[in-house]
Amino acid sequence: MSNSINQNILHQSLLRHTVLDNQYKLNPSGTYKNTLFQAAIPNQVPAQHWKSPMSTKFLGSSLNVQKPRMASGTSRRRCPVNPHAVLTTDPASELAGKFKLDENIELQVDVSVPTSGSTRRVNILVTNISGSLLLHWGAISDIKDKWVLPSRCPEGTQAYKNRALRTPFQKSGSNSTLTIEVDDPAIEAIEFLLLDEARNKWYKNNDKNFHVALWVKEKFISDVSVPEELVQIQAYLRWERRGKQMYTPQQEQEEYEAARAELLQELARGDTIQDLRARLTKKNDGSETVELSTPKEKTIPDELVQVQAFIRWEKAGKPNYSAEEQHREFEKAREDLLSELTKGATIDEIRKKLSKGEIKTEVAKQFQNKKYFTVDKIHRKKRDLVQLVSRYAPQPIEETYIDKPKALTEVEQFAKLKEEQDGGDVINKIIYKLGDKDLLVLVTKNASKTKVYLTTDLQEPVTLHWGLSKTNAGEWLTPPPDVLPLGSVPLSQAAETQFIFNTDDSSLKVQYLEILIEEDGFVGMPFVLQSSGNWIKNKGSSDFYVAFAVQPKKVRKVTEGGKGTAKSLLDNIAELESEAEKSFMHRFNIAADLMGQAKDAGELGLAGILVWMRFMATRQLIWNKNYNVKPREISKAQDRLTDLLESIYASHPQYRELLRMIMSTVGRGGEGDVGQRIRDEILVIQRNNDCKGGMMEEWHQKLHNNTSPDDVVICQALIDYINSNFDIGVYWKTLNENGITKERLLSYDRAIHSEPHFRADQKDGLLRDLGNYMRTLKAVHSGADLESAVQNCLGYRSEGQGFMVGVQINPISGLPSGFTDLLQFVLENIEIKNVEPLLEGLLEARQELHPLLLKPRDRLRDLLFLDIALDSAVRTAVERGYEELNTAGPEKIMYFITLVLENLALSSDDNEDFIYCLKGWDLALNLTRSKKEHWALYAKSVLDRTRLALANKAEAYHRILQPSAEYLGSLLGVEEWAVDIFTEEIIRSGSASSLSALLNRLDPVLRTTANLGSWQIISPVEAVGYVVVVDELLTVQNKSYEKPTILVANRVKGEEEIPDGTVAVLTPDMPDVLSHVSVRARNGKVCFATCFDSSILSDLQVKEGKLLRIKPTSADIVYSEVNENEVPDASSIHENDGVPSTVTLVRKHFVGKYAIVSEEFKSEMVGAKSRNISYLKGKVPSWVGIPTSVALPFGVFEEVLSEGSNKAVAEKIQDLKIKLGEGEFSALKEIRETVLQLAAPTQLVLELKSKMKSSGMPWPGDEGEERWAQAWMAIKKVWASKWNERAYFSTRKVKLDHEYLCMAVLVQEIINADYAFVIHTTNPSSGDSSEIYAEVVKGLGETLVGAYPGRALSFVCKKNDLNTPKVLGYPSKPIGLFIRRSIIFRSDSNGEDLEGYAGAGLYDSVPMDEEEKVVLDYTTDPLIMDDNFRQSILSSIARAGNAIEELYGSPQDIEGVIRDGKVYVVQTRPQM
């Protein structure tokens, strides 16, 4: 340090009390100490703090010193003599200790140092704690262990058995804080424990008390003092060592006294004043003193620096700054203002510019709450997520559907007539809606001649204003003279031609034009119409255009005349559209009139209203047509419609999701005077700001004529334009990004031709007034605007000048405690860059609001619009937060997924699956944080289930909405592209789209962490073939490919057949490894694999038609293009065609018994399924259960069919078989239906009853005739499954004679299973015979062997270590099947398990009672949650499989269940 201290000592007003960065500090003895949580170290000298007689300030570029006035005889400071007190070197706040209590819970203790008197503070902070904490504490005096109870205690403190004190912490978000003030000078320390009373959990310091040593004021020798100039230099050195921190005046004073204490301690150790002076000035003779410079430059008042720093922070998106970044921001703010000074501005001018009321208030609030440059997280309440489950699923109301051919309109009849007369090729044909009239344009081509026919049923004379285009659709060229029809008038870049009224056929009251174009260079014709002095444009806003080239026809789902819709309602809407397009008032009133019909039509009726309103909101329909309507009339119509929507919402909870979507497209509306203010307040803006002409006057006229949601965009564009210092490009950018073009502005009845032009002196006033006006516009037009929604719920009253004057909206009563503060937090942080705290606030607000939306109440509508706005804000925030996830780890992405999924669940009617997915993600997060071994594997299963839930949601939307969009779109002439993407856009606008994007980010991370790779190989077979892409495997299962084919199928359910000629099936779908299609693939030596990587799948899809070689490894597939000569001869694929199959069936005959017991199960009477069950009885270990069984043997079906009572049924089946033989495969379904008409012979009933009862099985008929009827129907369904499409085509492929196929029926009592499993005793994926592979599902096994989506729990187990199963994947199946005590009738044909042909799984097993579908919550399932239980169950399954394989001496395919921990085997067969 130089002899002069003249460096800049900038006074930076510290925004946050800063603790020492390094917890390790030197004791006066030269040794290090960590914290104050230790015993006093002998021979340490305490610091003594005295109030300085000097006023010090770290200010500007100097250290200013004011010399005190000293009275003579003033007592001198004394040196301390007690060597035992603990020294704390930070005068303001010492970080006494930081401890990890439990996972994320941390304890931090700061001890503040007294500056005068003897009061000391202990600040205790516990972070990430959810419960309510108590401090159990006492004080230590005179180094005694016994606690004393101080008289001064925090509020709420209570004595505990007169031996301790208990003080509650204060909650602040997820943190708990407490401050203890100690004024008793005898107290040397405090000790404490933490108690979570709700959980009865104690937090200790390694099983001991936490011990905090306190500063102790000691006695000092009266004849020693330190010169003030040395104290000042020591204080500077301390400030410099601490990185020149920003100090408040109080901290400066504390720093000064700490410097004095340090020097006094040095004196106490024996140094002299001269020693101190020499050290501090680096001169032994003391002749030189420190020079203290005075300010030489202009300085900025600190309060202005604070305001500027706040403004910079807000502009940056309110990021959470570190202490270092805060200091840097303050310096930059100071530099900003110093730059203003150097440019000539005065301090008063800067103060006036910065000290606007709103900013000043915000800054003051920040400093008052000590929340500087940070966004606090709100405290989220712990909730039982199951309480959010909504199982409302609307029952479809089927409208009687009559598909009548649509009658041709007059213009269509006329066009058809012209087509026939012309004889040329039709290359374009378009019908445009002109209100309730039509315009049809027909383009034909014959050789090089193009002919354009225009026909309309408008009755007033019509003029065509038209041109031709050579390059693009926007080009207008004057038609050549030889093209102009008779009577045309050429214009600049256009021509005008009068339509001709039809006189050829008086029944067709149309007018038309014919234009012949012989030149070949024109590509199209732009045009508009004029009639009765009005211009008629396409959709009221753009030019019509017809192309002269053949337009590609998009494949579009046929609406079949309104099938799958509320057709009569949609027809009514179409008839009323010409009235509705007059104005929003007309449209909303018509919608209100139709709401009764829509409600009666149920889900599809409300879907129709939604589609109509959505077409309106996306500007596919005309908003205003030659009709002047007052804004208050629009507002009143909105109010009427939304009142009806609110009423239906309250009374029909099953439709709430649709109703919310309708409301979000309509807007809130409100009292008529609010709407009228749109008219009145534009005048206020013009008057206040002297802007009565130009664009503002044109906008004023448009607003008076017919206001619309476009006005919100126009207002925002004006605000952005002014904020950009009048950059007109910004104005157009805002308009265009929100769908408003120059053409649209010109299309209004009161067109806006001009651009805005304002003066610089108008800027502040316009920003103020347009900001106020925006609130008025949004109050009427914006259903999802958060600020206006909050204001409507919390209430406001305006006494402003011209804006909302006198408007008073009372707050809604009965809002939850703290809800107002929560909404305020959301509004304050709505634009922050770090969106996580905002998302938490938004979702906490939705959770608090949720119970209020479940029943009728006052002002439910306003609460609904608030919830819609909060929902919308979540989606916007998530999309803004994608950037911060780019470098985030899996835990952060998973947390975002939970937030978005919670938002989606809160907006969905039937949300049970979403809720259980959300619980699954919470568990996955806990597993991640606790570093559990299988966290990624479990998270992957939750991710897969969440994707399934999203797919189900999308399919439901498509089923409900798309048919209505297509039918109504065709009636209203909506553009085809808008109809085609209707449902897709609905999904994209919701949380489902954001959730899908987050899942896509996380998926590759989980696959890498869990070592899953990009593929799951189900059937590892190398193959060469041509790539064919299909949507569903089901649609091509009966196809036969001539060339070896690699199918890339987007969807594979699990029950399909694999088409002939297929060498590989690759899919993103996830059928179970043991599903029917998986078994078929392995048996047929077909490569079958699931691809988890969308980029790989996309690459395969673009290779359609190319020849690839695919080579599976243990966890991956390598593929490459190959030459044609590497593919086998295609004819070899069908080399067995025409050759008799080696697989044969032996016809079975009726043996004279309708029913038999298990002891009678022989090959001539039952199939392998029944015989194997009989064989296992008494041979498997005693801990493996085998269900009791009886059977209806082979030939019973044929015998029943031959009964006289069933003669008519038999004859019909015979006729249908003939049709089937002729290739009419629709006969299969008819045969199945006919089989169900069979009557049961009396002898069959008697024998079956006898056999079941003698075996100890319950007889259904004992519960009544209805129960026997159920059982008989189940038996017939098993027989009928012989004619399943899948089974029939499978037998045809291997040339089996279907007539020889016989069906026995195995009858077993259903075990009401906790779990079901399938075992393959040789791993089917790897072929490893030393390893058992099994899959387990919750509930009955039908979800495993049937086509139920999702994956089962899968595991492998080495046969030499059956107690150590290894989980390969956790379950993602959302549905479990459960059933009451019942009977199941299993198919047992002679076509199953033939050598060389796997017929198992082709035929149906039918329970007597219908299974109950239950949405599964795996977070309560011990198989997932309890490691010991899982190990026990899986090991038992593996041991059962191993025992059965040893019994048969060959690999087995085994099905079974678990009930109360016991294993039951229900069937086994050879593994194929």
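FYI, side chains are in, hydrogens and waters are out, and symmetry mates aren't considered; it's all heavy atoms of this structure. All residue numbers refer to positions in the sequence shown, counting from 1.
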Exercise. Is the backbone of Ser1250 close enough, under 3.5 Å, to the side chain of Ser1254 for a donor and an acceptor to pair up by distance?
Worked result: yes

For [X] and [Y], work out which heavy atoms get closest and say how close.
X	Y	value
Ile1424	Arg1430	O-NH1, 2.9 Å
Ser1405	Ile1384	CB-CD1, 4.4 Å
Ala1352	Val1336	CB-O, 3.4 Å
Ile1437	Ile1319	O-CD1, 3.3 Å
Glu1445	Pro1451	OE2-CA, 3.6 Å
Ala1274	Phe1385	CB-CD1, 3.6 Å

Please determine, by modelled atom types, if [X] and [Y] share a side-chain donor-acceptor pair under 3.5 angstrom.
X	Y	answer
Thr1468	Gln1452	yes
Asn1390	Tyr1300	no
Glu1331	Asn1323	yes
Tyr1333	Glu1335	yes
Asp944	Ser1372	no

Could you tell me whether [X] and [Y] have a side-chain N and a carboxylate O separated by less than 4.0 Å?
X	Y	result
Lys1153	Glu1160	yes
Asp1314	Arg1459	yes
Asp1404	Lys1277	no
Glu1198	Lys1148	no
Lys1338	Asp1417	no
Lys1253	Asp1262	yes

Considering only heavy atoms from C-beta outward, does the side chain of [X] approach that of [Y] to under 4.5 Å?
X	Y	result
His1320	Ile1454	no
Thr1322	Ile1332	no
Glu1199	Tyr1154	yes
Leu1423	Ile1433	yes
Leu1176	Asn1172	no
Asn1206	Glu1203	yes
Ile1156	Val1190	no

Problem set entry | Residue pairs, two or more places apart or on separate chains, that pass side-chain hydrogen bond (donor to acceptor under 3.5 Å, both in side chains) and touch residues 1229-1243 | Arg1232-Glu1285, Gln1243-Glu1247

Seminar exercise, completed: Residue pairs meeting side-chain hydrogen bond (donor to acceptor under 3.5 Å, both in side chains), one or both in residues 1173-1190, sequence neighbours left out, come to Ser1189-Gln1308

For this session: Give the intermediate values and the outcome of side chain to side chain contact (heavy atoms under 4.5 Å, CB included) for residues Gln1270 and Met1273.
Result: CA-CA 5 Å; Gln1270 285 179 257; Met1273 181 57 70; 5.8 Å; no

Problem set entry | With sequence neighbours excluded, residues passing ring pair (Phe, Tyr, Trp, His ring centres under 6.0 Å) with Phe1225 | Phe1289

Seminar exercise, completed: Phe1355 meets the ring pair (Phe, Tyr, Trp, His ring centres under 6.0 Å) criterion, sequence neighbours left out, with none

Near [X] [atom1], under 6.0 Å, is it more than 12 heavy atoms from other residues, nucleotides or ligands?
X	atom1	answer
Lys1053	NZ	no
Phe1378	CZ	yes
Lys1217	NZ	yes

For this session: Sorted by first residue and then second, give each salt bridge (charged side-chain N to carboxylate O under 4.0 Å, His left out) pair with at least one member in residues 1373-1391; sequence neighbours left out.
Result: Asp1072-Lys1373, Glu1263-Arg1380, Glu1309-Arg1381

Exercise. Checking side chain to side chain donor-acceptor pair (under 3.5 Å) against Arg1051, which of Thr1035, Asp1069, Asp1031 comes through?
Worked result: Asp1031

Exercise. In chain order, what residues pass the salt bridge (Lys or Arg N to Asp or Glu O under 4.0 Å) check against Lys1039, with sequence neighbours excluded?
Worked result: none

Exercise. Taking the inter-plane angle between the rings of Phe1429 and Tyr1315 on a 0 to 90° scale, is it parallel (under 30°), tilted (30 to 60°) or perpendicular (over 60°)?
Worked result: tilted

Exercise. What about the rings of His1149 and Phe1194, do their centers lie closer together than 6.0 Å?
Worked result: no

